[in-house]
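Presented below is the structure to which this report refers.
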Amino acid sequence: TVYESIQANILLSDTSICSNSSEIRVEVFPEDGYFSPNIIVDSYLSPSDLDIGANTISYFYNNENNCLSKDSVQIMVFETPQIQLLNLNSSYCQTDNPFELIAIPEGGLFIGNGVVGNSFYPENADTGENIISYLFESPQGCSASDSITITVYESIQANILLSDTS
């Protein structure tokens, strides 16, 4: 007797993801099969369970007549950029000169009080704590950010008072 097999199918919303992406839902038809590797939990796949680069996930379904069918999908995982903020002190005076903000990888966006382009102007920042953030997105669409708190101290004008010495 020849039995008909039911084709196993994997349905994913995205097959290119970042290593820091949230879990992605994995739908299969028919249900009650199994995955290889066995990393799908409650119909969700965590990118942290995959290697950077190409990963193959297979779904197997064995019907009541013991006919096995398989579907495979390749998922590309891109590494999330690691941000490094350089050339920053934790405190400045309002009268300090502006300075260039430097981050690795280059090409991101600095934001915060006192930030103009890639420079920090202490005189334009608030006195007290200021959060300076750097946002970066890789060509693959993987984004990362980092922040630092910089304290700006109010500069006090020093005056020399002369008394009449005549």
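As a basis for the values below, the full set of heavy atoms in this structure was taken, side chains included, without hydrogen atoms, waters or symmetry mates.
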For a quick test of your reading: what N or O donor-acceptor pairs under 3.5 Å do the side chains of residues 90-101 make, sequence neighbours left out?
residue	atom	partner	partner atom	Å
Tyr92	OH	Asn89	N	2.7
Thr95	OG1	Ser155	OG	3.2
Asp96	OD2	Cys93	N	2.9

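Within 6.0 Å of the CG atom in Asp14, the count of heavy atoms belonging to other residues, nucleotides or ligands exceeds 12. With a 6.0 Å radius and a threshold of 12 heavy atoms from other residues, nucleotides or ligands, Glu123 has its CD atom above the threshold. A 6.0 Å sphere centred on CD of Gln74 holds more than 12 heavy atoms belonging to other residues, nucleotides or ligands. The number of heavy atoms from other shown groups lying within 6.0 Å of CD (Gln7) is above 12. Heavy atoms of other residues, nucleotides or ligands lying less than 6.0 angstrom from CG of Leu68 number more than 12.
Contact between Ser147 and Ile131 at its shortest, heavy atoms only, is CB-CG2, 4.0 Å. Minimum interatomic distance between Asn9 and Asp71 (heavy atoms only, all atoms of both residues): CA-OD2, 3.3 Å. Ser72 and Lys70 make their closest contact through OG-CE, 3.2 Å (heavy atoms, listed as atom of the first residue, atom of the second, distance). Shown here for Pro47 and Leu45, the closest heavy-atom pair between the two residues is CD-O, 3.7 Å. Tyr61 and Glu31 get closest at one heavy-atom pair: CE1-O, 3.3 Å.
Taking Tyr153 as the reference, nothing meets the ring pair (Phe, Tyr, Trp, His ring centres under 6.0 Å) condition, with sequence neighbours excluded. For the ring pair (Phe, Tyr, Trp, His ring centres under 6.0 Å) test, residues two or more places apart in sequence or in another chain that qualify with Phe35 are Tyr59. Residues passing the ring pair (Phe, Tyr, Trp, His ring centres under 6.0 Å) test with Phe29: none are found, sequence neighbours excluded.
Interatomic distance, Ser145 OG to Glu137 CD, rounded to the nearest 0.5 Å: 12.0 Å. Atoms CG and CG, on Asp49 and Asn38 in that order, are 10.5 Å from each other to the nearest 0.5 Å. Summarising the geometry, atom OG belonging to Ser119 is positioned 10.0 Å from atom CD1 belonging to Ile102; distances are rounded to the nearest 0.5 Å.
If you chain together hydrophobic residues whose side chains sit under 4.5 Å apart, Ile52 and Ile75 fall into the same group. Val73 and Ile39 fall within a single hydrophobic cluster, where Ile, Leu, Val, Met, Phe, Trp and Tyr are joined by side-chain heavy atoms under 4.5 Å apart, directly or via other members. Hydrophobic clustering (ILVMFWY, side-chain heavy atoms < 4.5 Å, transitive): Tyr121 and Ile148 are in distinct clusters. Linking Ile, Leu, Val, Met, Phe, Trp and Tyr residues whenever their side-chain heavy atoms come within less than 4.5 Å places Ile6 and Ile10 in a single cluster. No continuous path of hydrophobic side-chain contacts links Leu12 to Phe60 [ILVMFWY only; heavy atoms under 4.5 Å].
Considering only heavy atoms from C-beta on, Leu50 comes within 4.5 Å of Ile17 through its side chain.
Judged by distance alone, the side chain of Asn63 and the main-chain N or O of Glu4 form a donor-acceptor pair under 3.5 Å. Under a 3.5 Å cut-off, the side chain of Ser133 and the backbone N or O of Ile111 do not form any donor-acceptor pair. Side-chain atoms of Ser69 come within 3.5 Å of backbone atoms of Ala8 as a donor-acceptor pair (strictly under, hydrogens ignored). In this structure, the side chain of Asn113 does not engage the main chain of Asn130 through any donor-acceptor pair within 3.5 Å. A donor-acceptor pair is defined here as one N or O able to donate and one able to accept, closer than 3.5 Å; no such pair exists between the side chain of Asn118 and the backbone of Val116.
Using modelled atom types and a 3.5 Å distance limit, the side chains of Thr80 and Ser19 yield a donor-acceptor pair.
For residues 7-74, every residue pair satisfying the disulfide (SG to SG under 2.5 Å) rule, not counting sequence neighbours, is listed here: Cys18-Cys142. Applying the ring-ring contact (aromatic ring centres under 6.0 Å, His included) test to every pair with at least one member in residues 132-152, sequence neighbours left out, gives these pairs: Phe110-Tyr134.
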Start with the C-alpha gap between Phe120 and Asn87, add the side-chain angles, then the distance that decides, and say whether side chain to side chain contact (heavy atoms under 4.5 Å, CB included) holds.
CA-CA 11 Å; Phe120 181 69; Asn87 194 37; over 6 Å; no
